[in-house]
Amino acid sequence: MGFSIWVWRLGSVGGRLLSLPPLSFIMYAAIFFLLKRKSLVLVFHFICKLRMIAMATGVAAGTSNFHFGGIRCKGQSCQQASLVSSLTFNGCIQRELSWSFGVSRFLRFQRFNFSHSPVSENWKSLRTVPVLSCLRDGSVKYFDFSVIGSGVAGLCYALEVAKHGTVAVITKAEPHESNTNYAQGGVSAVLCPSDSVESHMQDTIVAGAYLCDDETVRVVCTEGPDRIRELIAIGASFDRGGDGNLHLAREGGHSHHRIVHAADMTGREIERALLEAVDGPHAVCHGVDTLNVETQEVVRFISKVTLLASGGAGHIYPSTTNPLVATGDGMAMAHRAQAVISNMEFVQFHPTALADEGLPIKPKKTRENSFLITEAVRGDGGILYNLGMERFMPLYDERAELAPRDVVARSIDDQLKKRNEKYVLLDISHKPTEKILSHFPNIAAECLKYGLDITSQPIPVVPAAHYMCGGVRAGLQGETNVRGLYVAGEVACTGLHGANRLASNSLLEALVFARRAVQPSIDHKKSTSIDLSASNWWTRTVVPKSLGCNVMHNILRRTKEVRKELQSIMWRYVGIVRSTTSLQTAEWRIDELEAEWETYLFEHGWEQTFVGLEACEMRNLFCCAKLVVSSALARHESRGLHYMVDFPHVEENKRLPTIILPSLVNCTWSSRQLHKLPVC
């Protein structure tokens with residue numbers, strides 16, 4: 001768990017490399033960051049009661065600082081409007097957002113094609129436009145763009161141009177008071193395979209008594225579907241059918257079902273989604289809090305750029321090939337820091353980990369991670385048998401033992417369940433002894449420790465959690481939606497692996513994306529500065545030394561028990577083969593277990609800002625487990641590593657990533673920033 005810290009310190013005469021003593025740290029679940037708003041909500045009481053929403057991709061730097069638990073200003077006067085709490089930045093008033101506390105059953109899922117939609121730009125780090133003067137006291141206000149009206153047209157325009165400058169949205173009344181908000185019907189667009197743009201054009205022209213401008217009709221009907229996808233991407237929730245697809249209604253004059261709607265309040269839903277997007281937070285990562293497990297000291301690292309390369313989350317399952325440190329720390333931390341998470345349902349199980357139960361001599365203690373039996377054993381001619389010495393892979397796939405990992409893992413899982421057995425056998429003993437020992441010396445040596453000679457005996461194997469194909473959603477340079485936060489390696493979801501990782505592609509991905517993240521990180525570093533007071537913006541977390549040895553012993557004991565219970569739930573209900581019923585069972589059992597554990601901690605004196613190795617890992621395991629379950633419930637098909645018995649087929653119209661956005665509703669300690677108080 002230890003790593004060495006090297007600091008490159010730049011001085012006026014050049015650089016000097018300082019070596020700090022090696023320290024052992026565990027990142028404990030909090031990436032701290034400053035909320036920079038894409039929008040500043042300003043309330044003016046003009047004679048006509050105009051309201052203004054000012055949007056900026058950048059805010060002029062000032063001397064103000066604040067604490068998330070309350071408003072704290074430095075060098076400026078604090079103000080609080082009747083409708084919004086506000087912070088002062090050199091004369092600019094910035095609304096303080098309610099926090100997004102993390103994953104829960106209320107997660108909002110959006111699934112859409114990033115590569116073919118203009119929405120994909122939202123995943124790129126927005127370029128900060130210098131704002132020399134955001135607002136100035138008096139009768140003159142300075143902006144790059146002014147928009148009059150906060151209906152669908154005004155807000156859509158404002159959202160796009162906000163990427164390139166400051167925007168003032170001026171309304172006559174409340175921002176939601178517009179014709180859009182009162183529109184009951186729906187939005188027509190060609191979203192059904194049996195429909196066509198030409199048909200929509202023809203219906204429009206006929207309804208317009210042939211007075212329509214043909215070019216305008218073509219543009220609107222052609223671009224309409226992308227605009228609907230954009231609305232869905234920013235959070236608009238339209239009605240869906242029992243199959244999970246959009247419910248398309250049909251109205252007078254339309255020859256096809258093409259009306260997207262939200263009951264009879266479509267306009268209100270669109271307005272809500274657009275206003276939330278305009279008011280949405282833009283998170284900036286300012287570093288990470290760590291726990292030195294040797295000194296039991298919390299150390300805060302403030303930095304311009306943070307690269308998250310913390311690995312996977314294999315230990316949400318009882319059997320995993322991952323090292324003990326793979327407890328999903330990075331994924332959970334990033335999710336709590338409002339990073340977007342993607343494709344968490346795709347957990348790769350390696351089909352052949354060494355099954356200790358089948359060894360002639362049992363290990364004296366349980367392994368921290370399963371010993372991997374490489375796929376190369378099957379590639380070199382290894383054959384899989386059940387305990388009745390019946391070869392079974394040809395029954396499942398014509399490629400037999402050379403089928404992809406997910407197929408082999410499901411086949412083994414099926415055999416174990418049908419025969420009520422704990423493991424299967426992988427036999428390579430029919431190959432020449434010298435070839436076995438030269439190709440697999442490490443496996444041979446490990447098995448021999450426990451009385452098994454692989455040159456003459458089959459190897460007991462069982463599937464084990466191996467790799468997370470999902471993670472923190474990243475762009476092509478490792479960037480996330482949190483400014484200053486980059487990801488690489490297993491913690492990231494770059495889109496390379498899709499629904500199932502190809503063997504040996506993971507190291508390649510890590511090499512490529514780590515390198516690609518370098519230049520944008522350098523560019524970001526050059527364009528930003530570190531505020532030396534930033535460390536004071538958040539509450540300090542502490543090690544619970546005041547609880548005493550007996551209390552800590554009981555907390556650690558219960559935490560270890562809860563960890564095993566969570567792993568058991570995940571293996572039983574969210575394993576290789578799943579169903580809606582099993583996933584729903586896992587969901588409520590995990591919620592129940594998490595609530596029970598947190599109650600136990602707080603009843604024994606644990607406080608919201610306490611940190612400890614075991615407790616922090618448990619928080620992260622809970623968070624990642626819920627992300628996997630919720631993602632799996634959202635995908636109503638079987639694709640790659642995600643196999644559902646009640647949705648056994650691949651559905652082409654569901655060939656889209658699963659996206660998890662931070663939820664505004666969550667009460668669990670495990671799923672929110674440590675410095676935040678609960679909202680319920």
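Atoms considered below: every heavy atom in the structure, side chains included; atoms not considered: hydrogens, waters and symmetry mates.
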*In Å, rounded to the nearest 0.5 Å, how long is the span from CZ of R473 to CE of M344?*
13.5 Å
*Is the side chain of T352 donor-acceptor paired with the backbone N or O of I373 at a distance under 3.5 Å, no angle test?*
yes
_N/O donor-acceptor pair under 3.5 Å between N322 side chain and H466 backbone_ = yes
*Has the side chain of S527 got a donor or acceptor atom that lies under 3.5 Å from a matching backbone atom of H524?*
yes
*Note: E490-R501 ion pair, threshold 4.0 Å (strictly below)*: no
*Rounded to the nearest 0.5 Å, what separation is found between the CZ atom of F622 and the CG atom of L566?*
5.5 Å
*When you measure from the side chain of S342 to the backbone N and O of T658, does any donor-acceptor pair fall under 3.5 Å?*
yes
_Nearest atoms (heavy-atom pairs only) where A510 meets G489_ = CB-CA, 4.1 Å
*Any salt bridge between R635 and E345, counting N to O under 4.0 Å?*
yes
*H497 versus Q348, side-chain donor and acceptor atoms under 3.5 Å*: no
*Are a donor atom and an acceptor atom from the side chains of N442 and E446 found within less than 3.5 Å of each other?*
no
*Distance from M552 atom CE to E614 atom CD, nearest 0.5 Å?*
7.0 Å
*Looking only at atom types and distance, does a side-chain atom of Y317 sit under 3.5 Å from a main-chain N or O of V574, one as donor and one as acceptor?*
yes
*Side chain T327, main chain L621, donor-acceptor under 3.5 Å*: no
_Distance check, rounded to the nearest 0.5 Å: K626 atom NZ versus I590 atom CD1?_
8.5 Å
*Counting only N and O atoms by type, is there a donor-acceptor contact under 3.5 Å from the side chain of T480 to the main-chain atoms of L485?*
yes
_Given 3.5 Å as the limit, does a donor-acceptor pair link the side chain of K525 with the main chain of K304, or not?_
no
*asked:* Please check this pair: side chain of N481 against backbone of Q338, looking for a donor-acceptor N/O pair closer than 3.5 Å.
replied: yes
*Salt bridge or not for E561 and K564, using N-O below 4.0 Å?*
no
*Is any NZ, NE, NH1 or NH2 atom of the basic residue among R516 and E479 found under 4.0 Å from an Asp or Glu carboxylate oxygen of the other?*
no
*Just how far is it from atom NZ of K560 to atom CD1 of I555, taken to the nearest 0.5 Å?*
13.0 Å
*Are a donor atom and an acceptor atom from the side chains of T320 and H315 found within less than 3.5 Å of each other?*
no
_Can you list everything that forms a salt bridge (Lys or Arg N to Asp or Glu O under 4.0 Å) with R589? Sequence neighbours excluded, please._
none
*Roughly how far apart are S630 OG and L583 CG, rounded to 0.5 Å?*
9.5 Å
*Looking at residues at least two apart in the chain, or sitting in another chain, which of them share a side-chain contact (heavy atoms from CB on, under 4.5 Å) with S582?*
Y573, R578, S579
